[in-house]
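In what follows, every heavy atom counts, from backbone to side chain, and hydrogens, waters and symmetry copies are set aside.
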Amino acid sequence: MKERILLCLAHMSGHEMDYIKEAFDQNWVVPLGPNVNGFEDDLAKFVNHREGAAPLSKEVVALSAGTAAVHLGLIGCGVKAGDEVLVQSFTFCASSHPVTYLGATPVFVDSEPETWNMDPELLEEAIRDRMAKTGRKPKAIVPVALYGMPYKIDRILEIADRYGIPVVEDAAEGFGSRFDGQVLGTFGRYGVLSFNGNKMITTSGGGALICADKASKDKIMWYATQARESYPYYQHEEIGYNYRMSNICAGIGRGQMTILDEHIRHHRHVQELYCELLADVKGVTMHQASSPKFESNYWLCAATLDPALKIKGQEDAYKTVITGAVGGAAGVIHAASTATTDCQPNANVEALRMALDRANVEARPLWKPMHRQPVYASSPAYVNGVSESLFKVGICLPAGPWVTDEHVRYIVDSIKTAIE
C-alpha cells in the first residue's frame, strides 16, 4: 500500500468553499461575522439534542482553539492565581496548561481502568485531601474524554455537587460522544470542543466552549474579545484575550457540520472492524465501551499489547532520537537530548510503532500521563498506577474519515506480520 495511512485526517464535505466564498464576497474576513454566528447555532443545535428527551438550552461560543476554550472555562469558574484545579492526568497537555496560564496549580487525578478516564473515587479522595492540606476547596474539576470515550460523568457530577465545585468537561476528543444519550460537554458548567485538523470535524484550527445560558455565553465572549467595554473607544477594565474564531474558519466549520454524523458513524465502524479482525490475535486488546451508556465517537482506536506478546525488532527500540513529525504535524522543534526517558512505552509498543511506520501506517503511543511530565514534577498527584500502566502498553491506530475497510485489513495484517 503506497499511500501513508494517517491516524485521523480531516475530510471536506464539499460545502466549505461556498461559505468561504460568501465570507470573501461580503468582506467578512475577520474574527466575527455571519459564519461565526451560523456555526455557533449549528453547534448549539447539535449539542442540545437528546435522544428520547427534551432538548437542552445550552449556548456555544466559537473560539480560536480548544485550549482557549479550556482557559476561558476556567476563568468562568473563577480560577485565579494560587488556586488549585483537579485535572485528569491521562490526557493531552491542553487540559492542564491553561491552569498554569492563570497562575493556578493543576492537581492530577489518575484514571479508572474501565473508561481510562478520571477515577471518581480517587477524585473524591483528592478533594478531601486538598481541603485538609490547604484549608480550601479546589476551584474546578476537569475530566477528559480520552480518545472519545465518555467519562463517568454521573459519578463525577455527584461528587462535584457534594463539594460545590464546578466541572469543566474537556470533550475536545469526544465531540459527538454521548453518555446515556446526552452529548458530552453539556453536563458541567462548561464544555470544551476542539476542531483541530485531526478532530472529528475541523475548522483548520479552532474550538468552542459550551455554556449554560446566554448570560454565561456573553461573559465568555466578552473575555474572548479582549474584554472591551462599551465605549466608542477602547476601554479595558479586566484582562481579556484575542480568542474569537474567524469568519473564514467558521465557514469551514459550517460545511463540516453537514458530515459530522457521517464521520461519527465511520469512526464507530472502523472500531468495530478492528475488534472483529483482531479478535483472534492473542495479546492485542482493543479499548471499547463496556456499557451502552458510554457512546464513544472512537476518535482514535486504541489498543493494548500484552507484555508477553513479542514484536519483532524490540532490540532496535529507542536507539535514535526522533527528529521527524512523530506525535504531531508540527514535527519536533526542540530536539531531545536523549532517546529515552524514565517513563515511556515499553520496547514492544515502540517496536510495533516502528513496524507500522515502515508499512506506511501512522501509529502513536497513548498520551503520557501529565503527572509523569517533567514540567509538572512538583504538582500534586493522586495516582493508582492505571494511566502509567496503560501508557506503557498502549498504542493508537488510524481511524479517520480517509481510513477504509481495506486500510484496516492492511493495518491488522501488518500487526500480525510484526508479531514473532
Participant: Flag the pair P106 / V85 as yes when at least one side-chain heavy-atom distance between them is below 4.5 Å, and no otherwise.
Facilitator: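 They are not in contact (no side-chain heavy atoms under 4.5 Å apart), so the answer is no.
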Participant: Ring centroids only, cut at 6.0 angstrom: are F179 and F294 within range, meaning strictly under it?
Facilitator: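 They qualify: ring centres under 6.0 Å apart.
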Participant: Of all the heavy-atom pairs spanning V142 and M118, show the shortest one and how long it is.
Facilitator: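 Scanning both residues, the minimum pair turns out to be O-CE, 3.6 Å.
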Participant: Grab the two heavy atoms, one from C396 and one from P365, that are nearest each other, plus how far apart they are.
Facilitator: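 Nearest pair, atom of C396 first, then P365: SG-O, 4.1 Å.
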Participant: Using the side chain to side chain contact (heavy atoms under 4.5 Å, CB included) rule, pick out the option among V109, V144, L390, D119 that qualifies with F90.
Facilitator: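 With F90 as partner, side chain to side chain contact (heavy atoms under 4.5 Å, CB included) holds for just one option, L390.
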Participant: Would you name the heavy atoms of V393 and P307 that are closest together and state the gap between them?
Facilitator: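 Closest approach of V393 to P307: CG1-CG, 4.2 Å.
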Participant: With a 4.5 Å limit on heavy-atom distance, are the side chains of V61 and E40 in contact?
Facilitator: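 Yes, at least one pair of side-chain atoms sits under 4.5 Å.
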Participant: When you compare the side chains of S387 and D110, does any donor N or O come within less than 3.5 Å of an acceptor on the partner?
Facilitator: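 D110 and S387 do have a side-chain donor-acceptor pair below 3.5 Å.
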Participant: Is there any salt bridge (charged side-chain N to carboxylate O under 4.0 Å, His left out) pair reaching into residues 382-401, and which pairs are they, with sequence neighbours excluded?
Facilitator: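 Residue pairs with at least one partner in residues 382-401: R372-E388, E388-K392.
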Participant: For residues 87-97, which residue pairs pass the salt bridge (charged side-chain N to carboxylate O under 4.0 Å, His left out) check, not counting sequence neighbours?
Facilitator: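 Every pair satisfying salt bridge (charged side-chain N to carboxylate O under 4.0 Å, His left out) with a residue in residues 87-97: there are none.
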Participant: According to side chain to side chain donor-acceptor pair (under 3.5 Å), who are the partners of K45, at least two apart in sequence or on a separate chain?
Facilitator: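 In terms of side chain to side chain donor-acceptor pair (under 3.5 Å), with neighbours along the sequence ignored, K45 is linked to no residue.
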Participant: Check the pair E3, W402 against side-chain contact (heavy atoms from CB on, under 4.5 Å), reporting the backbone distance first and the verdict last.
Facilitator: CA-CA 11 Å; E3 77 271 24; W402 293 103; over 6 Å; no
Participant: T404: which residues meet the side chain to side chain donor-acceptor pair (under 3.5 Å) condition with it, sequence neighbours left out?
Facilitator: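 With sequence neighbours excluded, T404 shows a side chain to side chain donor-acceptor pair (under 3.5 Å) to H407, given in chain and number order.
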Participant: If you draw a 6.0 Å radius around NZ in K312, do more than 12 non-hydrogen atoms from other residues or ligands fall strictly inside?
Facilitator: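 Counting neighbours around NZ of K312, more than 12 heavy atoms of other residues, nucleotides or ligands fall under 6.0 Å, so yes.
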Participant: Between the side chains of E173 and W367, does any donor sit under 3.5 Å from an acceptor?
Facilitator: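 Present: a donor and an acceptor within the cut-off.
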Participant: So do the side chains of L193 and K199 get within less than 4.5 Å of each other, counting heavy atoms only?
Facilitator: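 The answer is no, as the side chains (C-beta and beyond) never meet within the 4.5 Å cut-off.
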Participant: Would you please name every residue forming a side chain to side chain donor-acceptor pair (under 3.5 Å) with T115, sequence neighbours left out?
Facilitator: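 Per chain and number, T115 pairs via side chain to side chain donor-acceptor pair (under 3.5 Å) with E112.
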Participant: Residues in side chain to side chain donor-acceptor pair (under 3.5 Å) with H267, at least two apart?
Facilitator: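 Applying side chain to side chain donor-acceptor pair (under 3.5 Å) to H267 gives none.
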Participant: Which pairs with one or both residues in residues 61-71 pass salt bridge (charged side-chain N to carboxylate O under 4.0 Å, His left out), sequence neighbours excluded?
Facilitator: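 Counting only pairs at least two positions apart or across chains, no salt bridge (charged side-chain N to carboxylate O under 4.0 Å, His left out) contact touches residues 61-71.
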Participant: As a quick check of understanding, evaluate side-chain contact (heavy atoms from CB on, under 4.5 Å) for W299 and N198, giving each step before the final call.
Facilitator: CA-CA 9 Å; W299 170 60; N198 63 357; 3.8 Å; yes
Participant: So which atom in V321 and which in A339 form the shortest heavy-atom distance, rounded to 0.1 Å?
Facilitator: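 Smallest interatomic distance, heavy atoms only, reads CG2-N, 3.9 Å.
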Participant: Return yes if a side-chain donor-acceptor contact under 3.5 Å exists between Y163 and E124, otherwise no.
Facilitator: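 Yes - a donor-acceptor pair under 3.5 Å links their side chains.
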Participant: Using residues 62-71 as the side-chain source, report each donor-acceptor pair under 3.5 Å to any protein atom, sequence neighbours left out, with the distance given to one decimal.
Facilitator:
unit_1	atom_1	unit_2	atom_2	d
H71	ND1	Y243	OH	2.9

Participant: Using only atom types and a distance under 3.5 Å, with no angle test, would you say the side chain of H266 pairs donor to acceptor with the backbone of V403?
Facilitator: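 Checking the backbone N and O of V403 against the side chain of H266, a donor-acceptor pair under 3.5 Å is found.
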Participant: Can you list everything that forms a salt bridge (Lys or Arg N to Asp or Glu O under 4.0 Å) with E121? Sequence neighbours excluded, please.
Facilitator: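 If we apply the salt bridge (Lys or Arg N to Asp or Glu O under 4.0 Å) test to E121, skipping adjacent residues, the hits are R155.
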Participant: Parallel under 30°, tilted from 30 to 60°, perpendicular over 60°: which one fits the rings of H11 and H263?
Facilitator: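 Geometry flag for H263 against H11: perpendicular rings.
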Participant: Y241 and Y101: aromatic ring centres closer than 6.0 Å?
Facilitator: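 Here the rings of Y101 and Y241 have centres that are no less than 6.0 Å from each other.
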Participant: Which pairs, with at least one residue in residues 178-192 and sequence neighbours excluded, count as a salt bridge (charged side-chain N to carboxylate O under 4.0 Å, His left out)?
Facilitator: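 Listed by first then second residue: E51-R178.
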Participant: Compare all side-chain heavy atoms of Q88 with those of D170 and state whether any distance is below 4.5 angstrom.
Facilitator: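 They are not in side-chain contact.
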Participant: Under the side chain to side chain donor-acceptor pair (under 3.5 Å) definition, can you give me all pairs with a residue in residues 271-287, not counting sequence neighbours?
Facilitator: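 Output for this query lists W116-H287.
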Participant: Looking at side-chain heavy atoms only, is the closest gap between N35 and W28 below 4.5 Å?
Facilitator: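 N35 does not reach W28 side chain to side chain.
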Participant: Answer yes or no: is there a side-chain heavy-atom contact under 4.5 Å between S89 and V383?
Facilitator: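 Not touching, per the 4.5 Å side-chain cut-off.
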Participant: Would you name the heavy atoms of L300 and A399 that are closest together and state the gap between them?
Facilitator: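 Smallest interatomic distance, heavy atoms only, reads CA-CB, 4.2 Å.
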Participant: Quick one: side-chain contact (heavy atoms from CB on, under 4.5 Å) partners of A347, sequence neighbours excluded?
Facilitator: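 Partners of A347 under the side-chain contact (heavy atoms from CB on, under 4.5 Å) test: Q314, A317.
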Participant: Please evaluate residues H15 and Q256 with respect to the criterion side-chain contact (heavy atoms from CB on, under 4.5 Å), reporting the C-alpha separation (whole Å), side-chain torsions for both, the decisive distance (0.1 Å), and the verdict.
Facilitator: CA-CA 8 Å; H15 299 290; Q256 288 278 286; over 6 Å; no
Participant: Side chains of V349 and R353, heavy atoms from C-beta outward: is any pair under 4.5 Å?
Facilitator: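 SC-SC contact between V349 and R353 ruled out.
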Participant: Do V60 and F46 touch side chain to side chain, with heavy atoms closer than 4.5 Å?
Facilitator: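 V60 vs F46: side chains apart.
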Participant: Report the C-alpha distance between D357 and R4 in whole Å, list the side-chain angles of each, state the deciding distance to 0.1 Å, and finish with yes or no for side-chain contact (heavy atoms from CB on, under 4.5 Å).
Facilitator: CA-CA 9 Å; D357 186 63; R4 180 80 169 162; 2.7 Å; yes
Participant: Give me the atom names and distance for the closest heavy-atom approach of A104 to V79.
Facilitator: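 Between these two residues, the closest heavy atoms are CB-CG1, 3.7 Å.
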